[in-house]
K.L.:
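Here it is: the structure, laid out below.
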Amino acid sequence: MTEEINKTSHFIREAVAEDLASGRFSSIATRFPPEPNGYLHIGHARAIIIDFSIAEENGGFCNLRFDDTNPTKEDVEYVDAIKEDIRWLGYEWKNEFYASDYFDQLYEYAIELIKKGKAYVDEQTQDEVRKNRGSLTKPGVNSPYRDRPIEENLELFKAMKEGEFADGSVVLRTRIDMESGNMNMRDPVLYRILHNPPHHRTGDKWCIYPMYDFAHGQSDSIERITHSLCSLEYEDHRPLYEWFLEELGIFKTRQIEFARLGLTYTVMSKRRLVKLVKEGLVKGWDDPRMPTLTAYRRRGYTPEAIRAFVEATGVAKKNSTADVGLLEHHIRQDLNKRAERRMAVLDPLKVVITNYPEGQTEILEATNNPEDESAGTRQIPFSREFYIEKSDFSEDPPNKYFRLAPGREVRLRYGYFVTATDFVKDESGEVTEVHCTYDPETKGGYAPDGRKVRGTIHWISAEDAIDAEVRIYDRLFTVPNPMSAEEGKDFTDYLNADSLETVKGCKLEPGLKGARPGDRFQFERLGYFVVDPDTTDGNLIFNRTVTLRDTWARIEKARASEKMEENRRRKQEQKRKQKEAAKKAG
RNA sequence: AGGGGCAUGGUGCAACGGUUAGCACACCGGCCUUUGAAGCCGUUGAUCUUGGUUCGAAUCCAGGUGCCCCUGCCA
């Protein structure tokens, strides 16, 4: 790991330490409990990291448990994807469990509650159940079936299990308190009937399925999970879980809740991510613009960077949204240390050195990674014609522009000093070719006379260049919080139309020829890039992971907005004058 | 007759009754530079509000305000 992670204490770490100190628990066990109905996103990464690191730090273990209590929503497709993502993040679970492993046990628990007079079969319609639950400010009323004899409940529940009832016709509920201020305690449903589809693990063995609330706490208990770490919305459920554990007399897990973390310029809810995928607004779950882990992987993010980011955001009970810039900071930080440098020209402009011998090629040496001497050096060819970025030449350079311009001398990275002498334009006025002279004394980029140049630009020898496609990604949304849409608007109305730009005909140094999917590089002065799995023998494709910090771009942007502001003011002034003139005339 | 949670610079966290309220990112300066990168140095900027307890309150208590969650046979 090149990124050092500073672990700061937070209330969960403190609570766990206290529980150990007080003897409430003698060892620590946690679990990560996804439902296999979608792909993991960076919010899950946070939960995973908390679950696994709390166990790790205390010499305990963490289980992976799929909460698969609803066959209508779940699919094996997601099970494998979830496991792959967790491993990619760098964690290995002690046991792979499924809530469905406990269906027999859960069934017995339900019978136990019935026998204690704490559960009953309710024949009210779904509508009646809802109506009788009351509202946030009104107490609920008891079901007419609530006081049914225990024997009858036992028989009916058995009949439910045996398939004698249609979906939705009856449920098993627990008897707690229909007047509770906590809605979860108003006789919650324990079991419902679901004849189809078959369960991905238990097939058609069951036609009754436990509700999440009846499965989760007991599953934790069965696995002897000491600390069940979950998000804030389960705070209201904790009393219910504890009630079950108490009534059943089984191992008491401690649940601790923490806030989810949002990210700016994206959405995180499963529902919304599904919508983006299903409606083709992105190319799939692993579209590099998505906040899913599979997408970050394809985008070139490292698990280390994601972990460092998560650790940097901390853990609290306050709902918050982290700046995506912080995530970007961590991936730059990591890749700066580990990614080898290469040169690539994304938007080529041809340059000819008029005083360089035709047909000559020289081999120059370039440092692979100035941050890591062990990365060594490589050789790159140099010749009379080469490409530079269009943005690295300016016919009429603005203030503080350090790059190539008529009469200006710049350094070609690891090459020579060159001075632009002349340029060619097409009918539309676009510069198509630049002519320059070079100083043969400056090979490698050093001037023996000690003279300095302010700009250093990257380049690719024209005859040696290889072509590639580069996919440039920008934030998926145009606003920091797409969820808070105005009236009549939907989060998709804020999608960034320019979030993907596919650039073809990019020029790369020849050494990049053998690059394989997943290989990461820093293209000097541009950013970090990774080879995309769509790459074929004849078509090399890179994804831009993140740009380098770019002070010049910031200056340009500031100038542009200044200009806009000025124009706006000027227009207003004009309008004011026109009005005045009209007044006078009138 | 509602219940549960949360409030510290722009953002995310820390400070656990005693610190000039700290750190990271962002921002703004500067240094350095064969990447306008990285690195280094520095500046600006915060305790929701009103009371109370206390020698002393971001921290404890009460009221207020604001935000989030809860009325699935979803998880």
Side-chain angles (χ1 to χ4, degrees), chain A residues 6 8-11 14 33-35 37 67-70 72-74 99 122 126 129-131 133-140 167-173 179-186 188-194 209 211-213 215-216 231-239 257 259 261 264 270 309 312-330 332-333 336-337 341 343 366-367 370-371 400-403 411-415 417 442 444-446 452-458 480 522-527 547-555:
Chain A
N6 294 311
T8 57
S9 192
H10 52 66
F11 71 100
E14 282 169 13
E35 184 189 16
N37 73 339
D67 272 333
D68 55 352
T69 54
N70 185 354
T72 66
K73 294 200 167 174
E74 295 142 10
D122 196 350
Q126 294 191 42
V129 170
R130 188 178 344 108
K131 226 169 265 167
R133 187 155 27 226
S135 75
L136 294 180
T137 50
K138 267 190 296 235
D167 284 11
S169 56
V170 297
V171 288
L172 182 72
R173 298 178 74 179
E179 300 192 352
S180 173
N182 182 346
M183 301 297 286
N184 296 301
M185 301 300 266
R186 317 243 264 225
V189 172
L190 263 33
Y191 270 89
R192 73 299 208 175
I193 297 172
L194 253 28
Y209 290 92
M211 296 291 289
Y212 173 88
D213 275 352
H216 192 82
S231 47
L232 249 30
E233 66 264 34
Y234 292 104
E235 277 179 315
D236 285 347
H237 298 243
R238 191 176 56 219
E257 308 85 7
L261 183 75
T264 53
K270 208 172 273 182
F309 163 73
T313 57
V315 182
K317 289 179 83 101
K318 182 173 71 169
N319 283 313
S320 53
T321 306
D323 190 336
V324 69
L326 185 60
L327 212 209
E328 291 172 347
H329 162 78
H330 284 285
R332 285 189 187 110
Q333 193 87 156
N336 175 48
K337 294 279 193 295
R341 269 87 260 228
M343 289 198 283
T367 303
E371 302 287 329
K400 291 209 176 140
Y401 184 89
F402 305 148
R403 287 108 102 136
R411 173 191 295 111
L412 297 177
R413 179 84 158 147
Y414 300 121
F417 285 12
T442 56
Y446 296 92
K452 303 262 185 228
V453 288
R454 193 61 209 269
T456 300
I457 63 177
H458 59 277
Q522 183 199 100
F523 289 167
E524 296 220 18
R525 303 209 303 136
L526 298 176
T547 61
L548 253 29
R549 278 182 80 236
D550 189 345
T551 309
W552 175 245
R554 280 214 308 270
I555 292 172

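Letters A, B, ... are given to chains in the order of the sequence lines, protein chains preceding strands, and every chain is numbered from 1. Keep in mind that the numbers below use all heavy atoms, side chains included, and drop hydrogens, waters and symmetry copies.
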K.L.:
What's the gap between B:rC27 and B:rA46 when it is taken at their C1' atoms, as a whole Å value?
P.N.:
15 Å
K.L.:
When rounded to the nearest Å, what value does the distance between P atoms of B:rC68 and B:rG51 take?
P.N.:
28 Å
K.L.:
Given the C1' atoms of B:rG22 and B:rC61, what is the spacing between them in whole Å?
P.N.:
27 Å
K.L.:
If the sugar-phosphate is the primed atoms plus P, OP1 and OP2 and the base is the rest, what is the B/S/- string for nucleotides 37-46 of chain B, using protein heavy atoms under 4.0 Å?
P.N.:
SSS-------
K.L.:
Please name all residues satisfying salt bridge (charged side-chain N to carboxylate O under 4.0 Å, His left out) with A:Arg549, sequence neighbours left out, ordered by chain then number.
P.N.:
none
K.L.:
Please report the closest heavy-atom contact between A:Arg332 and A:Leu548, naming both atoms and the distance.
P.N.:
NE-C, 3.9 Å
K.L.:
Would you mind reporting whether A:Arg525 and A:Trp552 have side-chain heavy atoms less than 4.5 Å apart?
P.N.:
no
K.L.:
What interatomic distance, in whole Å, is found between C1' of B:rU47 and the corresponding atom of B:rA7?
P.N.:
10 Å
K.L.:
Which pair of heavy atoms, one from A:Leu194 and one from A:Thr72, lies closest together, and at what distance?
P.N.:
CG-CG2, 4.1 Å
K.L.:
Say you pick atom P in B:rU8 and the same atom in B:rU44; how far apart are they, in whole Å?
P.N.:
23 Å
K.L.:
Is there a side-chain contact between A:Glu371 and A:Arg341 in this structure, where contact means two heavy atoms from C-beta onward sitting under 4.5 Å apart?
P.N.:
yes
K.L.:
Tell me the closest heavy-atom pair linking A:Gln522 and A:Asn336, and the distance in Å.
P.N.:
NE2-OD1, 4.5 Å
K.L.:
Among B:rC27, B:rU35, B:rG36, which is the nearest nucleotide to the side chain of A:Arg554?
P.N.:
B:rC27
K.L.:
Give the nucleotide from the list B:rC16, B:rC13, B:rG2 with an atom nearest to the side chain of A:Glu14.
P.N.:
B:rC16
K.L.:
Go through the side-chain N and O atoms of A:His458 and A:Arg413 and say whether any donor and acceptor fall under 3.5 Å apart.
P.N.:
no
K.L.:
Quick one: sort the A:Phe309 and A:His330 rings into parallel, tilted or perpendicular, breaks at 30° and 60°.
P.N.:
perpendicular
K.L.:
Yes or no on salt bridge (charged side-chain N to carboxylate O under 4.0 Å, His left out) for A:Glu179 and A:Arg186, after CA distance, side-chain angles and deciding distance?
P.N.:
CA-CA 7 Å; A:Glu179 300 192 352; A:Arg186 317 243 264 225; over 6 Å; no
K.L.:
Would you measure the distance from the C1' atom in B:rC48 across to the matching atom in B:rC6 and give it in whole Å?
P.N.:
12 Å
K.L.:
Closest nucleotide of RNA chain B for A:Lys138 versus for A:Thr442: which of these residues is on the 5' side?
P.N.:
A:Lys138
K.L.:
List every contact pair, protein side and nucleotides 7-12 of chain B side both N or O, where the distance is under 3.5 Å.
P.N.:
unit_1: B:rU8; atom_1: OP2; unit_2: A:Lys318; atom_2: NZ; d: 2.4
unit_1: B:rU11; atom_1: O3'; unit_2: A:Thr321; atom_2: O; d: 3.3
unit_1: B:rU11; atom_1: O2'; unit_2: A:Thr321; atom_2: O; d: 3.3
unit_1: B:rG12; atom_1: OP1; unit_2: A:Thr321; atom_2: N; d: 3.2
unit_1: B:rG12; atom_1: O3'; unit_2: A:Ser320; atom_2: OG; d: 3.0
unit_1: B:rG12; atom_1: O2'; unit_2: A:Thr313; atom_2: O; d: 2.7

K.L.:
Compare side-chain N and O positions of A:His458 against OP1 and OP2 of B:rU35 and report whether any pair is under 4.0 Å apart.
P.N.:
no
K.L.:
C1' atom, B:rU65 versus B:rA26: distance in rounded Å?
P.N.:
30 Å
K.L.:
Is it the case that the side chains of A:Ser180 and A:Asn182 hold a donor-acceptor pair, with the cut-off being a distance below 3.5 Å and no angle test?
P.N.:
no
K.L.:
If every non-hydrogen atom of A:Val189 is compared with every non-hydrogen atom of A:Met211, which pair is closest and at what distance?
P.N.:
O-CG, 3.2 Å
K.L.:
Starting at the 5' end of RNA chain B, what dot-bracket string do you get if Watson-Crick and G-U pairs under 3.5 Å are bracketed, crossing pairs use [ ], other-strand pairs use | and unpaired bases use dots?
P.N.:
.((((((..((((....[...))))..((((.......)))).....(((((..]....))))))))))).....
K.L.:
Show the nearest heavy-atom pair for residues A:Asp550 and A:Ala553, with the distance to one decimal.
P.N.:
OD1-N, 3.0 Å
K.L.:
B:rU50 and B:rC70: how far apart are their P atoms, nearest whole angstrom?
P.N.:
32 Å
K.L.:
Over all strands shown, is A:Arg238 touching base, sugar-phosphate only, or nothing at heavy-atom distances under 4.0 angstrom?
P.N.:
nothing
K.L.:
By nearest heavy atom, map A:Lys400 and A:Val315 onto RNA chain B; which one lands nearer the 5' end?
P.N.:
A:Val315
K.L.:
Between OG of A:Ser231 and CG of A:Leu261, what distance do you get to the nearest 0.5 Å?
P.N.:
12.0 Å
K.L.:
Could you run down nucleotides 59-64 of chain B 5' to 3' and tag each one B, S or - for protein heavy-atom contact under 4.0 Å?
P.N.:
------
K.L.:
Counting side-chain heavy atoms from C-beta on, which of B:rC13, B:rU35, B:rC6 comes nearest to A:Thr456?
P.N.:
B:rU35
K.L.:
With the 90 degree cut-off around zero defining syn, does B:rG72 come out syn or anti?
P.N.:
syn
K.L.:
Ignoring hydrogens, what is the shortest heavy-atom contact between A:Lys317 and A:Phe11? Give both atom names and the distance.
P.N.:
CG-CZ, 3.6 Å
K.L.:
For nucleotides 70-75 of chain B, just jot down a letter per nucleotide in 5' to 3' order: B, S or -, based on protein non-hydrogen atoms under 4.0 Å.
P.N.:
BBSBSB
K.L.:
Is the distance between the ring centroids of A:Phe417 and A:Tyr446 less than 6.0 Å?
P.N.:
no
